[in-house]
Engineer: 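Got a structure for you, questions after.
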Amino acid sequence: MFKRNMRQWMMRITTYADRLVDDLELLDWTDAIKAMQRNWIGRSNGAKVDFASEAGPISVFTTRPDTLFGASFMVLSPEHPFVDQLADPARTPGIAEEIAAYRTQAEGKKEFELQDDTREKTGVFTGAYATNPVNGEPVPIWIADYVLMGYGTGAIMAVPCGDTRDFEFARKFNLPIPAIQEPPASWFEERGLDVTLDTRQWPEAFVGDAPYVNSTNEHLQLDGLVNKVEGIAVMNAWLERSGAGETTVNYKLRDWLFSRQRYWGEPFPIVYDADGNPHSVPDSMLPVELPETDQFAPRTFDADDAMSNPESPLDRLDDWMNVELDLGDGLQTYRRDSNVMPQWAGSCWYQMRYIDPLNDDRFCAVENEEYWMGPRTDVRPDHPGGIDLYVGGVEHAVLHLLYARFWHKVLFDLGHVSSVEPYARLFNQGYIQAYAFKDEREIYVEAAEVVGNTDDGWTHNGEPVTREYGKMGKSLKNAVSPDEMYEAYGADTLRLYEMTGGPLDSSRPWETRDVVGMYRFLQRLWRNVIDESTGECTVVDTPADADTLKLLHRTIDFVRTEMDELHFNTAIAKLIELNNAVTKLDATPREVAEPMVAMLAPLVPHIAEELWSKLGHGSGRDDGGTITYVDFPVADPLLLVDDTVELPIQINGKVRSRVSVATDADKATIEAAALADPKVIEALAGGEPKKLIVVPGRMINIVV
RNA sequence: GCCGACGUAGCCCAAUUGGCAGAGGCACAGGCUUUAGGUGCCUGUCAGUGCGGGUUCGAGUCCCGCCGUCGGCACCA
């Protein structure tokens, strides 16, 4: 395997970094996902500082310009473009070879090794020095793989007294560690030291706020300041004044590599002329479609042939690759771009195609986008627009969801959409997980074949196994096929089981034995409406009794609210409660059965549709009988209130008695009722309560 | 290391957002139905807010400190 530089398409998502961070405020997304996106974009405020060197000024990015006086060496990433110029073999014999060797071993490191921050620091001194702009001191320039070319400028000013990594590096290579802050006495105490500015005694770097020392020259003074906010402000002002640097914002987010060297994907609408200059193909030739082929594999090369050029599957299809066009300079032969776009190219905007799927001219008509996705300023003034609700897995937190937001903003800037964001509300459903089991060789065994329990342990074919927990899948051998559940219980039971186990956004273990509970519920529901032996509908047209009617309307009220909030688990629990109550009746009144079935329709559409039909509403679309378009029931507010309410009476915060009062009773009435309670009289023993708290409709608390 | 979520009964989970700890399901026990079986029906039991402080008349809920689990990022200057 070898690395190779390639010419590829990039999307300049970094120019949208600020808007992608700031507009998160407009979104009805969870804080967790917003935090992940902020973290991924990684905006940090700091300063760019130039250190003069023989290869030219070396720019560094730092969030702590206030520590510039402590910058006693510099570290460049091994791939930094200045390295070869700085490493002068005339000054340091053999340096070029040493650096080449270091680069090779750094490149060879696996990614997980590079990310392991406990790994011992390594590096090479280039032999060159730069100048610290704040004090004119020469500082040695090193290269080390703990500085990443992909972040900031690929070079850092090392402040070993105040940065853990720089401290470790200085210790390893015996570099001086000048102190520029005096840590508080407590810092030394915790480390069993006397207060000292002799950093040779420090066990680690001091990171934080402390009074500055050795941080003054004729132009600026940090000594005397005690916090970094002030220190940074003073230093930044000097950097701008002196021209040695400037304040800047840095991002972790990189530009988006948009080319793939494979067959499947949208081809780029780009052709190259004989001189290799790119041209976009004329609109009349859009869209550029993939050519037919039966050769999808990339070309393979001799493993040692480091000079070979990669070839994408499209490259060799010359009939397609070469195209005769008149782009204004007469008919000429052009060669197509042989890259294709990544899968995100489609997932960034597929949702807009749904709102105008037959449109041949545009991805969707302007008015369709405005109707379905335009900003809902009636909901809130800063509503960004976008689709109302997007349900998906949290695994898309930073790639799909960030790319789609970027893409949408580009379309907005180009005037193609009226919404600034694609997904106004995002909901991440949890995963159904399952236990997985490993044998003594640490190999996963089929979870379905494991027997045992938590107390006695678990075995597989008689061998002891250990239990883990994770996403269902082939690798953990713990998947439960939905087909089996469907075969055994039907789709409605499976749906209900998945929705009722807990909140939609929480992950939880699959428990096959629990599924039967929902199956029983649906059977009870069926029997409440249908005679099992005859198949006839058994509901009666006599009115429901008062209690049942109240329960029905409370259920309607509750389920409506909970469905809106996507709290399917609690909605289902309430519907089971209602059904259980109906089961106890001699016959099911139609005025209860119909709204109950209507409420269940979104949750268990198949059995609900069947019951609706059996209730006499025709048999489906043709005679208008489908339940799909039946309005969700609405609760009668008059049936939601009771005449009387039983309130708990607490004495010193513990429930000691109860009292029934009229629902609309005022405080004084409730107070009088509570004080007349025998238990209260006994507790007061003739005295006055120290305090009496009455919360109408809730409770009474008496402090004695 | 940083960021985020979470911790309630044997298990999965509720709790009107500071107000009676228990809605629902599973499991368990007893009974019923059935030729039989349970993927049928009825009745019922037990016990719990991770730990330590604080605020409050009142804390599962708010605050502080620990412990633990899960997820994301990570030598990010």
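A, B, ... follow the sequence lines: proteins, then strands. Residue 1 opens every chain.
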Engineer: Over how many whole Å does the gap from A/Tyr151 atom OH to B/C2 atom C1' extend?
Structural biologist: 13 Å
Engineer: Answer yes if the ring centres of A/Tyr390 and A/Phe427 are under 6.0 angstrom apart, and no otherwise.
Structural biologist: no
Engineer: Could you tell me whether A/Trp142 and A/Phe173 have their ring centroids closer than 6.0 angstrom?
Structural biologist: yes
Engineer: Is the shortest side-chain N to carboxylate O distance from A/Glu25 to A/Lys34 below 4.0 Å?
Structural biologist: no
Engineer: Check whether A/Phe61 forms a cation-pi arrangement with A/Lys48 (NZ or CZ under 6.0 Å from the six-membered ring centre, at most 45° off the ring normal).
Structural biologist: no
Engineer: Mind checking the P distance from B/C6 to B/G50? Whole angstroms is fine.
Structural biologist: 13 Å
Engineer: If we take the P atom in both B/C12 and B/U8, what is their distance in whole Å?
Structural biologist: 7 Å
Engineer: Going by the glycosidic torsion and a 90 degree boundary from 0, is the base of B/U39 oriented syn or anti?
Structural biologist: anti
Engineer: Say you pick atom P in B/G7 and the same atom in B/C62; how far apart are they, in whole Å?
Structural biologist: 10 Å
Engineer: Consider the side chain of A/Pro503, meaning its heavy atoms from C-beta on, and name the nucleotide among B/C75, B/C13, B/G24 that approaches it most closely.
Structural biologist: B/C13
Engineer: Take atom P in B/G53 and the same atom in B/C42, then report the distance between them in whole Å.
Structural biologist: 46 Å
Engineer: Summarise how protein sits on nucleotides 34-46 of chain B as a single string, 5' to 3': B when a protein heavy atom is under 4.0 Å from the base, S for sugar-phosphate-only contact, - for no contact.
Structural biologist: -----BSSSS---
Engineer: Please write out the pairs of protein N or O atoms and N or O atoms of nucleotides 5-7 of chain B separated by less than 3.5 Å, giving the distance to one decimal.
Structural biologist:
none

Engineer: Going by side chain to side chain contact (heavy atoms under 4.5 Å, CB included), name the residues that satisfy it together with A/Arg658, two or more places apart in sequence or in a different chain.
Structural biologist: A/Glu646, A/Pro648, A/Val655
Engineer: Please report, rounded to the nearest Å, how far the C1' atom of B/A77 is from the CG atom of A/Asp66.
Structural biologist: 13 Å
Engineer: If I pick the P atom on B/G60 and the same atom on B/A9, what distance separates them, to the nearest angstrom?
Structural biologist: 14 Å
Engineer: Nearest-nucleotide wise, let me know which of A/Leu647 and A/Ala35 is further upstream toward the 5' end of RNA chain B.
Structural biologist: A/Ala35
Engineer: Does A/Asn569 place a side-chain N or O at less than 4.0 Å from the phosphate oxygens OP1/OP2 of B/A23?
Structural biologist: no
Engineer: Can you name the atoms? Protein N/O to nucleotides 70-73 of chain B N/O, anything below 3.5 Å, with the distance.
Structural biologist:
| unit_1 | atom_1 | unit_2 | atom_2 | d |
| --- | --- | --- | --- | --- |
| B/C73 | O2' | A/Asn39 | OD1 | 3.3 |

Engineer: Using a 4.0 Å heavy-atom cut-off, write out nucleotides 57-65 of chain B from 5' to 3' as B (base contacted by protein), S (sugar-phosphate only) or - (no contact).
Structural biologist: BS-------
Engineer: Residues two or more places apart in sequence or in another chain: which of them pass ring pair (Phe, Tyr, Trp, His ring centres under 6.0 Å) with A/Phe206?
Structural biologist: A/Trp187
Engineer: Do A/Tyr251 and A/Thr14 get their side chains close enough for a donor-acceptor pair, meaning under 3.5 Å?
Structural biologist: no
Engineer: Atom CG in A/Leu566, atom CG in A/Leu504: separation rounded to 0.5 Å?
Structural biologist: 6.0 Å
Engineer: Contact class for A/Val147 vs. all strands (heavy atom < 4.0 Å): base, sugar-phosphate, or nothing?
Structural biologist: base
Engineer: Between C1' on B/G1 and CD on A/Glu168, what's the gap in Å once rounded to a whole number?
Structural biologist: 12 Å
Engineer: Within the structure shown, what part of the strands sits under 4.0 Å from A/Thr153 by heavy-atom distance: base, sugar-phosphate, or nothing?
Structural biologist: nothing
Engineer: Between B/C12 atom P and A/Tyr497 atom OH, what is the distance in whole Å?
Structural biologist: 11 Å
Engineer: Check salt bridge (Lys or Arg N to Asp or Glu O under 4.0 Å) between A/Asp483 and all other residues, then give those that pass, not counting sequence neighbours.
Structural biologist: none
Engineer: More 5' along RNA chain B: A/Lys574 or A/Glu562, using each one's nearest nucleotide?
Structural biologist: A/Glu562
Engineer: Under 3.5 Å, which protein N or O atoms sit close to an N or O of nucleotides 16-18 of chain B? Give each pair with its distance.
Structural biologist:
| unit_1 | atom_1 | unit_2 | atom_2 | d |
| --- | --- | --- | --- | --- |
| B/U16 | N3 | A/Arg698 | NH1 | 3.4 |

Engineer: Taking NZ, NE, NH1 and NH2 as the nitrogens, is one of them in A/Asp677 or A/Lys679 under 4.0 Å from a carboxylate oxygen of the other?
Structural biologist: no
Engineer: In whole angstrom, give me the gap between the P atoms of B/G54 and B/U45.
Structural biologist: 37 Å
Engineer: Using purine N1 to pyrimidine N3 plus N6-O4 or O6-N4 for Watson-Crick, or N1-O2 and O6-N3 for G-U wobble, both under 3.5 Å, which nucleotide pairs with B/G68?
Structural biologist: B/C6
Engineer: Is the positively charged end of A/Lys252 above the ring of A/Tyr151, judged by distance under 6.0 angstrom from the centroid and angle within 45° of the axis?
Structural biologist: no
Engineer: Measure CZ/A/Phe167 against C1'/B/G1 and give the value in whole Å, please.
Structural biologist: 17 Å
Engineer: Please name the pair of heavy atoms, one in A/Pro78 and one in A/Val83, separated by the smallest distance, quoted to 0.1 Å.
Structural biologist: O-CG2, 4.0 Å
Engineer: Using the C1' atom as the point on both nucleotides, what is the distance between B/A27 and B/G18, in whole Å?
Structural biologist: 34 Å
Engineer: Quick check: does any side chain N or O of A/Glu562 sit under 3.5 Å from a backbone N or O of A/Phe568, one acting as donor and the other as acceptor?
Structural biologist: no
Engineer: Checking contacts here: which listed nucleotide (B/G10, B/G24, B/C20) is nearest the side-chain heavy atoms of A/Arg513?
Structural biologist: B/G10
Engineer: Name the nucleic acid region contacted by A/Met157, choosing base, sugar-phosphate or nothing; use a 4.0 angstrom heavy-atom cut-off, strictly under.
Structural biologist: nothing
Engineer: Could you give the CG-to-P distance, from A/Asp514 to B/G10, as a whole number of Å?
Structural biologist: 16 Å
Engineer: For B/U34, which nucleotide in any strand shown is its Watson-Crick or wobble partner with both distances under 3.5 Å?
Structural biologist: none
Engineer: Roughly how far, to the nearest 0.5 Å, is the CG atom of A/Leu603 from the CG atom of A/Leu522?
Structural biologist: 10.0 Å
Engineer: Holding to salt bridge (Lys or Arg N to Asp or Glu O under 4.0 Å), I want the full list of residues that pass it with A/Glu577, two or more places apart in sequence or in another chain.
Structural biologist: A/Lys574
Engineer: If pairing requires Watson-Crick or G-U wobble contacts with both distances under 3.5 Å, which nucleotide is the partner of B/G1?
Structural biologist: B/C73
Engineer: Please give the nucleotide sitting opposite B/C28 as a Watson-Crick or G-U wobble pair, both distances under 3.5 Å, or none.
Structural biologist: B/G44
Engineer: Could you tell me whether A/Asp642 and A/Arg554 have a side-chain N and a carboxylate O separated by less than 4.0 Å?
Structural biologist: yes
Engineer: Could you identify the nucleotide paired to B/G19, looking across every strand shown and requiring Watson-Crick or G-U wobble geometry with both distances under 3.5 Å?
Structural biologist: B/C57
Engineer: List the residues meeting side chain to side chain contact (heavy atoms under 4.5 Å, CB included) with A/Asp22, not counting sequence neighbours, and say none if there are none.
Structural biologist: A/Asp18, A/Arg43
Engineer: Considering only side-chain heavy atoms of A/Arg658, which listed nucleotide, B/C11, B/C20, B/A77, is closest?
Structural biologist: B/C20
Engineer: Which whole-number value in Å describes the distance from A/Arg165 CZ to B/G1 P?
Structural biologist: 15 Å
Engineer: What pairs meet the ring-ring contact (aromatic ring centres under 6.0 Å, His included) rule with one or both residues in residues 488-514 of chain A, with sequence neighbours excluded?
Structural biologist: A/Tyr489-A/Tyr519, A/Tyr497-A/Trp510
Engineer: Figure out the CG/C1' separation between A/Leu76 and B/A77, and round it to whole Å.
Structural biologist: 13 Å
Engineer: If we take the P atom in both B/G10 and B/A47, what is their distance in whole Å?
Structural biologist: 10 Å
Engineer: For A/Arg103, give me all partners under salt bridge (Lys or Arg N to Asp or Glu O under 4.0 Å), at least two apart in sequence or on another chain.
Structural biologist: A/Asp84
